[in-house]
Amino acid sequence: PSSSGSFEYNGTSWTAGGSMNTARKYLAGFGLQTAAIAAGGNPTTPSVGAQTELYDGTSWSEVNDLNTSRGSGLGGAGTSTSGIIMGGLTTAPAPGTGTGTTETWDGTNWSTSPATLATGRYGISGAGANNTAAVAMGGRNAPDSLANTEEFNRSANVITAAAWASGGNLNTARSYNMPAMQSPQTAGLIAGGESPRKTNAEEYDGTTWTEQNDIPTAIAAGAGAGTQTSGIVFGGYDGTAVNNSFEYDGSTWTAGGSLNTARQGMGGFGTQTACISAGGDDITGTPRYVAVCESYNGTAWTNTTSLPNIRQLGLGNAGTSTAG
């Protein structure tokens with residue numbers, strides 16, 4: 001079922017935050033712990049939503065809806081006053097053909113951009129600092145995973161307000177890959193993904209994706225944190241849930257500490273030496289979905305206070321290991 005819960009992390013423990021007014025899954029989330037946006041998603045099955053809510057560190061407030069209802073993994077990036085969402089499915093349930101529609105957020109209203117993704121899709125990884133510069137990576141249109149990368153740039157020119165421009169395609173088509181969450185548009189890093197499961201890792205320089213050394217194990221649906229020169233991926237699925245973590249130094253992957261609980265579909269954020277893994281699906285347990293939260297110090301994973309509710313696959317994440 002969809003969830004309305006939110007939970008805040010202070011570097012040691014999780015505490016319940018305010019509940020969203022509309023429970024949902026597969027939504028876009030971006031911003032900071034005290035100024036976050038939740039947009040779209042799947043409120044019930046099968047349906048898609050346009051609801052947008054703003055979090056002030058205490059409670060969620062309904063704000064203006066998206067112009068186009070959508071769910072199933074729309075991409076999002078930016079801040080609570082300058083955000084962007086792209087793609088997703090406008091009908092439910094999945095699978096289907098994703099939309100290319102893009103909307104920008106100015107802190108009050110959503111505006112449908114004249115620029116659309118060249119390739120509509122869902123299950124997108126999005127990144128960017130604001131609503132003037134963002135990137136959409138990978139995704140899928142049933143039954144295929146996609147390699148497409150597109151960049152969004154908006155200038156002060158009043159004639160051309162915004163545009164998605166094709167970036168270099170990924171060398172290996174995939175969806176549900178593991179991005180380095182703090183990487184900027186011009187220094188991206190992704191690894192793993194499906195379908196089928198991949199070992200491929202690629203770096204982005206703002207123009208071209210370049211194949212790098214593979215991660216040691218083909219993994220999909222894990223999580224990642226850090227940057228292009230100091231990244232980490234952890235957990236995921238290689239036929240079953242795994243507890244692996246692998247660290248990247250800009251050239252080579254090395255095994256990091258093992259998660260205490262093997263799982264896929266979790267949330268992850270922070271840096272290589274101070275990151276968080278939260279929630280997920282351990283595949284075999286009853287129930288399968290877990291509330292486990294672990295913190296990493298660059299050497300070992302330590303169980304911390306669990307999320308107050310179990311959740312997996314499509315939770316939004318943002319922040320650092322001490323304010324997430």
Side-chain angles (χ1 to χ4, degrees), residues 123 125 127 137-138 145 147 149 170-184 187-205 209-284 290 292-304 312-313 315 317 319-321 324:
S125 294
M137 302 168 284
S145 295
T149 299
L170 292 164
N171 294 283
T172 301
R174 64 187 92 185
S175 57
Y176 301 108
N177 55 73
M178 297 169 282
M181 300 298 292
Q182 292 187 338
S183 291
L189 172 66
I190 63 169
E194 61 178 12
S195 297
R197 290 181 295 277
K198 314 292 184 186
T199 59
N200 307 75
E202 302 186 38
E203 293 181 0
Y204 192 61
D205 63 7
W209 287 97
T210 304
E211 290 274 4
Q212 303 298 321
N213 289 317
D214 289 354
I215 56 173
T217 302
I219 303 172
T227 67
Q228 187 184 84
T229 58
S230 182
I232 182 170
V233 297
F234 40 90
Y237 181 81
D238 70 354
T240 188
V242 300
N243 65 353
N244 305 332
S245 72
F246 299 105
E247 299 177 9
Y248 188 66
D249 63 5
S251 175
T252 304
W253 294 93
T254 56
S258 297
L259 292 164
N260 295 289
T261 300
R263 50 211 152 102
Q264 64 156 356
M266 72 203 80
F269 53 86
T271 67
Q272 186 189 74
T273 57
C275 60
I276 297 297
S277 164
D281 174 0
D282 72 2
I283 304 297
T284 58
V290 299
V292 174
C293 177
E294 301 184 39
S295 65
Y296 190 63
N297 63 6
T299 303
W301 290 93
T302 303
N303 286 327
T304 64
Q312 60 93 34
L313 210 60
L315 56 158
N317 16 248
T320 69
S321 63

Taking the side chain from Asp281 and the backbone from Ile283, do they hold a donor-acceptor pair closer than 3.5 Å?
-> yes
Identify the two heavy atoms, one from Asn303 and one from Glu294, that lie closest to each other, and give their separation to 0.1 Å.
-> OD1-CG, 3.2 Å
Okay, side chain of Glu211, backbone of Asn200: is any donor-acceptor separation there less than 3.5 Å?
-> no
Any side-chain heavy atom of Thr261 sitting closer than 4.5 Å to one from Leu259?
-> no
Are the side chain of Arg174 and the backbone of Gly138 linked by a donor-acceptor contact shorter than 3.5 Å?
-> no
Between the side chain of Ser145 and the main-chain N/O of Glu194, is any donor-acceptor distance below 3.5 Å?
-> yes
Search all heavy atoms of Ala262 against all heavy atoms of Asn243 and return the closest pair with its distance.
-> CB-N, 3.7 Å
Considering only heavy atoms from C-beta outward, does the side chain of Phe246 approach that of Thr217 to under 4.5 Å?
-> yes
Under 3.5 Å, is there a donor-acceptor pair linking the side chains of Glu247 and Tyr296?
-> yes
Test side-chain contact (heavy atoms from CB on, under 4.5 Å) on Phe234 and Met266 and set out the steps.
-> CA-CA 9 Å; Phe234 40 90; Met266 72 203 80; 3.9 Å; yes
Between the main-chain N or O of Gly257 and the side-chain N or O of Ser245, is there a donor-acceptor pair closer than 3.5 Å?
-> yes
Distance from Leu170 atom CG to Thr210 atom OG1, nearest 0.5 Å?
-> 11.0 Å
Checking Asn260 side chain against Trp301 main chain: does a donor-acceptor pair fall under 3.5 Å?
-> yes
Side-chain donor/acceptor of Asn171 to backbone N/O of Trp209, under 3.5 Å = yes
Heavy-atom pair of closest approach, residues Tyr248 and Gln272 = O-NE2, 3.1 Å
